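One structure is given here, and the rest of the page talks about it.
Keep in mind the model is a prediction, meaning the values are calculated, not measured. Chain letters run A, B, ... following the sequence lines, proteins first and then strands; every chain starts at 1. What's counted below: heavy atoms across the whole structure, side chains too, no hydrogens, waters or symmetry copies.
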Amino acid sequence: MLNSSTTAGPKKNCTSYIDVPDRECTRRLHQYAPKALNSQVQKAFKTMSEIKKEEEKSLNFLEEIIEEDLNRGRYKSILTRFPPEPNGYLHIGHAKSICLNFGLAQKYGGKTNLRFDDTNPVTEDTEYVDSIKEDIQWLGFKWARELYASDYFEQLYNFAIALIQKGLAYVDDSTSEEIAQQKGTPTEPGIANTYRSRSVEENMRLFTEMREGKYKDGEKVLRAKIDLASPNMHMRDPILYRIKHAHHHRTGDKWCIYPMYDFAHGQSDSIENITHSICTLEFIPHRPLYDWFIEKLEIFPSHQYEFSRLNLTYTVMSKRKLKQLVEEKYVTAWDDPRMPTISGFRRRGYTPRSIHVFADKIGVAKRENLIDVSLLEFCIREDLNKTSIRRMVVFDPLKVVITNFEAAMEILKGENNPEDPHTTYRDIPFSREIYIEREDFMEVAPKKFFRLAPGQMVRLKHAYIIKCDDFVKDANGNITELQCSYIPESKSGSDTSGIHVKGTLHWVSVPHAINAEVRLYDRLFKVEDPSSEEGDFKDYINPNSLDVVETVYAEPALKQSKFDDRYQFLRKGYFCLDKDTSEEKLVFNRTVTLKDTWAKEVKKG
RNA sequence: UGCCCGAUAGUAUAAUGGUAGUACGACAGAUUUUGGUUCUGUUUGUCUUGGUUCGAAUCCAGGUCGGGCAACCA
């Protein structure tokens, strides 16, 4: 017998017996290593703990479930599905679900079906089917099979017949108001009507006639016979089929009865042998029904698991609200770069990789959340910093004359991407007249202003150090021109001047500049969580979410811009070409700004 | 006031009875020919009250707060 005081704690497995001294050792290292040990030991210690972390990379609750199912031999491989209703465009919340469903299958060597939940013909359209497929493909995922709930209409109809014959479904002639009333409330049980006791034969006849089109919309429904007193409202004889004489985008006019979500989704999962049917939290109360159909029909037991949907600060995420923004012209379209739709992010310049990383970083859990949009911005900056092509573009020009520059022009070299060790270079023309950003000059500069001011020096990126000798004002007192001298020995890459300046400015040569339009986007809403505010969410729309600068001045290399390219306009932000670009005009979208600690400094005063 | 779900730094997310950690943010510093990047450091947390236990974020009970459910929507 072991001493109970030493064995009482650890249970479950014996490794904790070993863990205790190990943990104690780790604790001591934590306590003493930083001060007592030299840096090399600290480094080694850190590496070890990092390795440990790699190995112990924790699983989210879905991964845990799947691993257990696989380990226990419940399934040989997993099959997930992404089941959108084609009644709108996909948003970043769907991207989370897509990354989850496809990502889980990839991780565990399984597959994922794309299944359109097209059971309501009046809201759905092929336009949406196409956009959904495009968005998933853009994210880089491949579905195993492209399926439609409507493919199963005949099968689902037979399931309904089976329930009727088991005495588990009946045709109800009540109006929707009557049904709602008879359902009771969460605190009062529902009451049965006379239709509930119809015979199997009568139900069979009536349901057949429903299918044949003998009745008008709303005249009859098929209901499951479960429990009108259930504390779960979804179990109070839910509607299975309703009559809709409507044209379906795939089945045309073949059907005039359509299954409800609850009668279609679980059975579709079952027909496809989906092992893990993952949906959002609001479907939790539907799960008993999902299981009830599977049990009563004795079909493949798919299982439903729920996770919390994504919410992002300064935007809205419901299809209904997004639709409203489009229809009421608060934005130009579903793919307006301010929209949180996948197509909006795509047009704005987000990369699939940045969205994958984002989806990974936010994790998966079952609690309500509101993710700070700065995390998404971090993800896209991190990606674009490594991959984007650097260019110089002046948005608000101030002319600078380099008074001692005598040549007509000089060609300078600029690296296309300093983050890339194998970077290539482009030519940048330099001349006597250049534009700099108006905000980069101040007549009277505060202490920490590292830019141009009378008598002050700055470096022109990829070029020379210049000194501001004088400035010219017009009649209204506006500064119209700067007169500077350059230091010939200070050329980038071969600077022998010995001069050190704190500021570096982007610029373009006046005679070589090309024009473009840039569209600067800000958050769509003024408040973090528009949906939780009083009144209409549209009252909180940011009126300055779009700032169009019709003419900016860009270095000539930008003339060769391609739609797939991503640019960093030095000191300005990340940009990409917009589809509104024409022969006459280049149009760029600002994907995201650069981090700007100077702006913060200024704000602080 | 029925049923269901949830609660860990500002925001997310780990720790599965034994070190409360990570990321983003914020702040400070170093580096920098982008006030970018990179690097370093600092900051802040287990909803509450009891109980079980040598030991509780974790298990149990009560409470509080948040969310969902009464569509012929999904």
Side-chain angles (χ1 to χ4, degrees), chain A residues 4-6 8-12 16 19-20 23-24 26-31 53 56-60 64 83-85 87 117 119-120 122-123 175-176 179-181 183-190 217-218 220-221 230-234 236 239 241-244 258 260-262 264-265 279 281-288 306 308 313 319 361-372 374-379 381 385-386 390 392 418-419 448 450-451 459-463 465 490 492-493 495 500-506 568 570-573 594-601:
Chain A
S4 66
S5 71
T6 58
K11 64 174 200 191
K12 257 188 176 175
S16 53
D19 280 358
V20 173
R23 286 201 180 95
E24 179 61 14
T26 313
R27 190 186 64 78
R28 281 188 189 149
L29 270 168
H30 268 292
Q31 201 169 343
K53 209 183 295 156
E56 290 173 4
K57 176 128 183 21
S58 56
L59 304 175
N60 65 47
E64 279 178 3
E85 184 190 13
N87 68 344
D117 239 332
T119 56
N120 186 358
V122 300
T123 58
T175 64
S176 60
I179 289 175
Q181 203 171 32
K183 249 186 186 172
T185 68
T187 51
E188 302 161 61
D217 288 11
K220 285 182 168 47
V221 291
S230 171
N232 182 343
M233 297 300 290
H234 295 278
R236 318 246 268 224
I239 292 168
Y241 271 90
R242 75 284 216 196
I243 299 169
K244 277 179 193 274
Y258 291 93
M260 297 289 288
Y261 164 85
D262 283 308
H265 201 99
C279 62
L281 253 30
E282 65 271 24
F283 290 99
I284 289 177
H286 295 249
R287 189 175 353 120
E306 310 86 8
S308 58
T313 55
K319 232 183 235 179
K361 281 186 188 293
I362 60 177
V364 194
K366 297 187 76 142
R367 57 187 100 107
E368 299 292 328
N369 59 69
L370 179 61
I371 309 269
D372 196 327
S374 63
L375 179 61
L376 218 206
E377 291 177 347
F378 166 81
C379 294
R381 283 193 189 108
N385 175 51
K386 291 193 197 105
R390 270 57 170 184
M392 295 198 287
E419 299 292 317
K448 285 200 268 184
F450 304 142
R451 309 179 186 185
R459 170 167 296 281
L460 295 176
K461 181 74 181 174
H462 303 306
I465 291 174
S490 68
S492 270
D495 186 349
H500 290 284
V501 293
K502 280 210 164 155
T504 302
L505 308 185
H506 64 281
Q568 184 197 108
L570 251 52
R571 305 208 298 140
K572 282 294 182 189
L594 257 25
K595 267 174 75 176
D596 190 349
T597 48
W598 171 243
K600 257 186 223 167
E601 195 76 20

* Counting any heavy atom closer than 4.0 Å, what does A:K448 reach on the DNA or RNA strands: base, sugar-phosphate only, or nothing? -> base

* Locate the shortest heavy-atom distance separating A:L570 from A:M392; write the atom from each residue and the value. => CD2-CG, 4.1 Å

* To do: Count the heavy atoms belonging to other residues, nucleotides or ligands that lie under 6.0 Å from CD of A:E282, then report whether that count exceeds 12.
  => yes

* Asked: Should A:M233 and A:P285 count as side-chain neighbours, where that means a heavy-atom distance under 4.5 Å?
  -> no

* Hey, where does RNA chain B pair up into stems, meaning at least three consecutive Watson-Crick or G-U pairs with distances under 3.5 Å? -> B:2-7 with B:64-69, B:10-13 with B:21-24, B:26-30 with B:38-42, B:47-51 with B:59-63

* Asked: Expressed as a whole number of Å, how far does the P atom of B:G51 sit from that of B:U8?
  -> 24 Å

* So what does A:R236 hit on the nucleic acid, given a heavy-atom distance under 4.0 Å: a base, only sugar-phosphate, or nothing? -> nothing

* Of A:S492 and A:I239, whose closest RNA chain B nucleotide lies nearer the 5' terminus? -> A:S492

* Asked: Quantified in whole Å, what is the P atom distance between nucleotide B:C59 and nucleotide B:C69?
  -> 27 Å

* Counting side-chain heavy atoms from CB outward, which of B:A12, B:G36, B:A71 is closest to A:L370? -> B:A12

* Euclidean distance for C1', B:A12 against B:U46 (whole angstrom) -> 15 Å

* **N or O in side chain of A:T313 less than 4.0 angstrom from B:U11 OP1/OP2** => no

* Structure fact -> Closest to the 5' end of RNA chain B, once A:G184 and A:G503 are matched to their nearest nucleotides, is A:G503

* Tell me what A:T597 touches on the nucleic acid: a base, only sugar-phosphate, or nothing, going by heavy atoms under 4.0 Å. => sugar-phosphate

* Selection from B:U34, B:C72, B:A14 that lies nearest to any side-chain heavy atom of A:P418 -> B:U34

* Among B:C72, B:G35, B:U34, which nucleotide sits nearest the side chain of A:Q568? -> B:U34

Distances for protein N/O vs nucleotides 2-5 of chain B N/O pairs under 3.5 angstrom?
from, atom 1, to, atom 2, distance (Å)
B:G2, N3, A:P186, O, 3.4

* Tell me whether A:Y261 is stacked on the nucleobase of B:A74, counting only the six-membered base ring and applying the 5.5 Å and 30° thresholds. => no

* Side-chain heavy atoms of A:L375 within contact of A:I362, under 4.5 Å -> yes

* Asked: Contact class for A:T504 (heavy atom, under 4.0 Å): base, sugar-phosphate, or nothing?
  -> sugar-phosphate

* Asked: If we only count heavy atoms from C-beta on, is the A:H265 to A:T119 side-chain gap below 4.5 Å?
  -> no

* Could you work out which one of B:G35, B:A74, B:U37 sits closest to the side chain of A:M260? => B:A74

* Structure fact -> Considering only heavy side-chain atoms of A:R390, the closest of B:A12, B:U34, B:A14 is B:U34

* Separation of atom CG in A:D262 from atom C1' in B:C72, rounded to whole Å -> 13 Å

Sort me out a list of protein N/O and nucleotides 24-26 of chain B N/O pairs below 3.5 Å, or just none if empty.
from, atom 1, to, atom 2, distance (Å)
B:A26, OP1, A:K600, NZ, 2.6

* Only counting residues at least two apart or in another chain, list the ones meeting side-chain hydrogen bond (donor to acceptor under 3.5 Å, both in side chains) with A:D596. => none

* **Rounded distance in Å - CG (A:L570) to P (B:G36)** => 12 Å

* Structure fact -> Testing B:U33, B:C73, B:A15 for proximity to the side chain of A:K461, the answer is B:U33

* Closest non-hydrogen atom pair between A:I239 and A:M260, with its separation -> O-CG, 3.2 Å

* To do: Return no unless some side-chain N or O of A:R367 is found under 4.0 Å from OP1 or OP2 of B:G68.
  => no

* Can you check the A:K244 NZ to B:A71 P distance for me, whole Å? -> 15 Å

* Asked: Taking the C1' atom of each, how far is B:G50 from B:A70, in whole Å?
  -> 37 Å

* Please determine, for the side chain of A:E85, which listed nucleotide (B:U13, B:G35, B:A74) has the closest atom? => B:A74

* **Set of residues satisfying side-chain contact (heavy atoms from CB on, under 4.5 Å) with respect to A:N87, sequence neighbours excluded** => A:E85, A:T123, A:E124, A:K319

* Sugar-phosphate, base or nothing in reach of A:F283, heavy atoms under 4.0 Å -> base

* Structure fact -> side-chain hydrogen bond (donor to acceptor under 3.5 Å, both in side chains) filter on A:R242, not counting sequence neighbours, yields none

* Taking it one step at a time, do A:E306 and A:R287 satisfy side-chain contact (heavy atoms from CB on, under 4.5 Å)? -> CA-CA 9 Å; A:E306 310 86 8; A:R287 189 175 353 120; 2.8 Å; yes

* For nucleotides B:A7 and B:U1, find the distance between their P atoms and express it as a whole number of Å. => 27 Å

* **B:A74 base / A:H286 side chain donor-acceptor hit below 3.5 Å** => yes

* Counting just side-chain N and O atoms, does A:R242 come under 4.0 Å of either OP1 or OP2 of B:C73? -> yes

* Using the P atom as the reference point in each nucleotide, state the distance between B:U53 and B:U58 in Å, no decimals. => 16 Å

* Base, sugar-phosphate alone, or nothing: which one does A:V501 contact when heavy atoms must sit under 4.0 Å apart? -> nothing

* To do: Could you check whether A:H506 gets within reach of a base, just the sugar-phosphate, or nothing at all, counting any heavy atom under 4.0 Å?
  => nothing

* Structure fact -> For A:V501 and A:R459 the tightest heavy-atom approach is CG2-N, 3.6 Å

* Structure fact -> Winner on side-chain proximity to A:E368, out of B:G36, B:A14, B:G67, is B:G67

* To do: Could you check how far CE of A:M392 sits from C1' of B:U33, rounded to whole Å?
  => 11 Å

* To do: Using whole Å, report how far NE2 of A:H234 lies from P of B:C69.
  => 7 Å

* Let me know the distance between CD of A:E601 and P of B:G36, rounded to the nearest Å. => 11 Å

* **Separation of atom CD1 in A:I243 from atom P in B:C73, rounded to whole Å** => 12 Å

* To do: Indicate the ring-plane relationship of A:H234 and A:H286, choosing parallel, tilted or perpendicular according to the 30° and 60° boundaries.
  => tilted

* To do: In whole angstrom, give me the gap between the C1' atoms of B:C4 and B:G17.
  => 28 Å

* **Within-4.5 Å side-chain heavy-atom neighbours: A:T504 and A:R571** => no

* A:E377 CD - B:G36 P separation (whole Å) -> 16 Å

* What interatomic distance, in whole Å, is found between P of B:G68 and the corresponding atom of B:G35? -> 46 Å

* Under 4.0 Å between any heavy atoms, over every strand shown, what does A:H265 touch: base, sugar-phosphate, or nothing? Just pick one. => nothing

* How about A:N232 and A:S230: does a side-chain donor come under 3.5 Å of a side-chain acceptor? -> no

* Asked: Does A:K502 NZ have over 12 foreign heavy atoms under 6.0 Å away?
  -> no

* Asked: Checking all strands, does A:E306 fall into the base, sugar-phosphate, or nothing category for heavy-atom contacts under 4.0 angstrom?
  -> nothing

* Are any non-hydrogen side-chain atoms of A:W598 and A:R451 less than 4.5 angstrom apart? -> yes

